[in-house]
Amino acid sequence: MTNPKPISQPSLARPAVSTSLSVSPTATFHSPPASSSFMASLAQRAAAKQLKPFNTEDIKILLLENVNQTGRDILSGQGYQVEFHKASLPEDQLIEKIRDVHVIGIRSKTKLTAKVLQEAKNLLVIGCFCIGTNQVDLEYAAKQGIAVFNSPFANSRSVAELVIAEIIALARQLGDRSNELHRGTWNKVSAKCWEVRGKTLGIVGYGHIGSQLSVLADAMGMNVIYYDVVSLMAIGTARQVPTLEALLGEADFVTLHVPETPETKNMLGAKQFEQMKNGSYLINASRGTVVDIPALIKAMRAGKVAGAALDVYPNEPAGNGDYFTTDLNPWAEELRGLNNIILTPHIGGSTEEAQRAIGIEVADALVRYINQGVTLGSVNLPEINMRQLTLDEPNHARIIYIHRNVPGVLRRVNEILGDHNVDKQISDSKGDIAYLMADVSDVRPEDIKEIRDSLDGLSSRILTRVLY
Ligand SMILES: NC(=O)C1=CN([C@@H]2O[C@H](COP(=O)(O)OP(=O)(O)OC[C@H]3O[C@@H](n4cnc5c(N)ncnc54)[C@H](O)[C@@H]3O)[C@@H](O)[C@H]2O)C=CC1
Ligand SMILES: O=C(O)CCC(=O)C(=O)O
């Protein structure tokens, strides 16, 4: 275990409370909304006490990779300091910036490795404004008491729709015909151009995206089969097959929707291309590491694979520009020279609808975590929810104690809290890490300081936060 993470100490002064919150004499408890924008739910939450560990303007947030305006507005609306960048940052600049911030918001490009995170001395929480969280060292973050949130399905439909477009575009060689005509060449052909009706779509990974795609493909008259490591209910007329090999031997179109894990690295390589049907098609909108690209190039040159659509690559540039070259990936030129291959710059989730929804969902989760300590939806910490304190409870404090999951901790924590009136307490663990939240009533600022100092002194401590 690493040393407890030093964090900025909150001031014991009363936190700033948004003046737009009205105080009703009949204020009652309202549950926090599940996932809605802060602005839209402000009226609902009016009676809730806004717990804040610092004056809001002390919270520093770094947003990279063009996080949507919806998310930026929610975070700025809280009074936090928000620094926004359109692209990702190179590692040295990232390390420099991350030292100073309490929150970082990223998408799929920014790699938050242990090397980067160990410099992030004040970091409380990471928001992945996307589905994938493979770009973050989740275990290391948890061990530092840094929560990670994502948006698990707000862009699933966008990816599924892109894949449907690609299935038809590949079957009809649309990319090639369009490119030819852009160059002035009229090339009207029907050879090896097909309808998709009656063809078999093989979905690898039948999760949020795979199952959405299943519905759409079914509606177009395709036969859908899928392979997944877990047994999952088939939607419509889809059918689960027992192995990847069985799927590859039967599918006319193979589409990949698995996460990046050690098991999915080069999941489609030379052997798997051999197992595919002659003249079949491959689509990858999952992660670049899932396909062995040199093996794909060979399979396409041999005619085994009749077409491919790739949205993701092992190395992707930090921002937009003329970067898709051999400097980035050694096979880039060869790939670009192939026929019937659609190459897109990781745009599966890039629609207005998806980006707006993600901005709201992740920013809301960040605000709930910063202001209330609620971990619902966290991908690396136990999920803990506790009702908001209300304005009727002015002298209450919320204690959050993130600790190593070792015997005897609860007894020691309760020895410290035991002198006070603990109204509510919840604790849960995930692997080596446990998260305890307790609301304590009738506490004075000096009590809060004492509780905090005592919890900080326990050997199991990873991070203590007191919100009031
Ligand atoms: N191109 C883009 O812009 C986007 C790409 N993605 C990528 O798509 C991936 C899938 O997204 P979702 O469907 O939302 O994830 P999900 O978690 O809902 O589904 C993934 C499925 O893959 C299965 N799986 C995991 N390992 C497997 C293996 N070795 N073999 C077979 N099945 C396996 C899981 O059991 C699960 O059912 C994400 O992890 C992300 O990397 C997601 C959104 C946008
Ligand atoms: O839109 C993005 O930046 C990333 C999309 C993606 O790959 C994801 O959501 O996992």
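This one's a predicted model, so the numbers in the text were calculated from it and none came from an experiment. When a ligand or atom number is given, it counts from 1 through the structure's own listing order.
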Given [options], which has its nearest heavy atom closest to [atom]?
| atom | options | result |
| --- | --- | --- |
| atom 27 (C) of ligand 1 | Thr344, Ile203, Val229 | Val229 |
| atom 8 (C) of ligand 2 | Thr110, Ile131, Ile106 | Ile131 |
| atom 30 (N) of ligand 1 | Met267, Gln135, Glu263 | Met267 |

Atoms in ligand 2 with a heavy atom of [X] nearer than 4.0 Å:
| X | answer |
| --- | --- |
| His346 | 4 (C), 5 (C), 6 (C), 7 (O) |
| Gly132 | 8 (C), 9 (O), 10 (O) |
| Arg287 | 6 (C), 7 (O), 8 (C), 10 (O) |

- Message: Heavy-atom pairs closer than 4.0 Å: do any link ligand 2 to the side chain of Asn155, the backbone, both, or neither?
- Response: side chain

Polar-atom distance check: [X] versus ligand 1, any N or O pair below 3.5 Å?
| X | result |
| --- | --- |
| Glu260 | no |
| Ala285 | yes |
| Val204 | no |
| Ile209 | yes |
| Asp228 | yes |

Identity and separation of the nearest protein heavy atom to [atom]:
| atom | value |
| --- | --- |
| atom 7 (C) of ligand 1 | Ser286 O, 3.6 Å |
| atom 4 (C) of ligand 2 | Ser108 OG, 3.4 Å |
| atom 1 (N) of ligand 1 | Asp311 OD2, 2.9 Å |
| atom 1 (O) of ligand 2 | Arg107 NH2, 2.9 Å |

Which atoms of ligand 1 are found less than 4.0 Å from any heavy atom of [X]?
| X | value |
| --- | --- |
| His346 | 1 (N), 2 (C), 3 (O) |
| Arg287 | 5 (C), 6 (N), 7 (C), 40 (C), 41 (O) |
| Gly207 | 13 (O), 18 (O), 19 (O), 21 (C), 37 (O) |
| His257 | 10 (C), 20 (C), 21 (C), 22 (O) |
| Val230 | 35 (O) |

Do [X] and [Y] pair up side chain to side chain, a donor and an acceptor below 3.5 Å, judged on atom types alone?
| X | Y | result |
| --- | --- | --- |
| Glu65 | Thr110 | yes |
| Thr237 | Asp218 | yes |
| Glu361 | Ser151 | yes |
| Asn329 | Asn315 | yes |
| Gln78 | Asn371 | yes |

- Task: May I ask whether Thr261 places a heavy atom under 4.0 Å from ligand 1?
- Result: no

- Task: Determine whether any heavy atom of Tyr227 lies closer than 4.0 Å to an atom of ligand 1.
- Result: yes

- Message: I'd like to know if atom 37 (O) of ligand 1 has any protein heavy atom within a distance of less than 4.0 Å.
- Response: yes

- Message: Determine whether any protein heavy atom is located less than 4.0 Å from atom 17 (O) of ligand 1.
- Response: no

- How far apart are the C-alpha atoms of Ser427 and Tyr401, what are their side-chain angles, what is the distance that settles it, and do they pass the side-chain hydrogen bond (donor to acceptor under 3.5 Å, both in side chains) test? CA-CA 9 Å; Ser427 170; Tyr401 183 63; over 6 Å; no

Hey, is [X] touching ligand 1 through its side chain, its backbone, both or neither, going by heavy atoms under 4.0 Å?
| X | answer |
| --- | --- |
| Thr264 | side chain |
| Val159 | side chain |
| His208 | both |
| Asn134 | neither |

- SB check Arg177 Glu180 (cutoff 4.0 Å): yes

- May I ask you to say whether Lys115 pairs ionically with Glu91, meaning some side-chain N is under 4.0 Å from a carboxylate O? yes

- Task: Just say parallel, tilted or perpendicular for the rings of Tyr281 and Phe253, cut-offs at 30° and 60°.
- Result: parallel

- Message: Can you classify the ring geometry of Tyr313 versus Trp331 as parallel (below 30°), tilted (30 to 60°) or perpendicular (above 60°)?
- Response: tilted

For [Y], does its backbone N or O pair with a side-chain atom of [X] as donor and acceptor, under 3.5 Å?
| X | Y | answer |
| --- | --- | --- |
| Lys199 | Glu195 | yes |
| Thr289 | Lys265 | no |
| Thr185 | Leu181 | no |
| Arg107 | Ser88 | no |

- Message: If you compare all heavy atoms of Ser108 against all heavy atoms of Arg287, which two are closest, and at what distance to 0.1 Å?
- Response: CB-NH2, 4.0 Å

- Task: Please name the pair of heavy atoms, one in Ala147 and one in Tyr369, separated by the smallest distance, quoted to 0.1 Å.
- Result: CB-CZ, 3.7 Å

- Query: Which residue, Asp137, Thr375, Asn380, forms the side-chain contact (heavy atoms from CB on, under 4.5 Å) with Val148?
  - Reply: Asn380

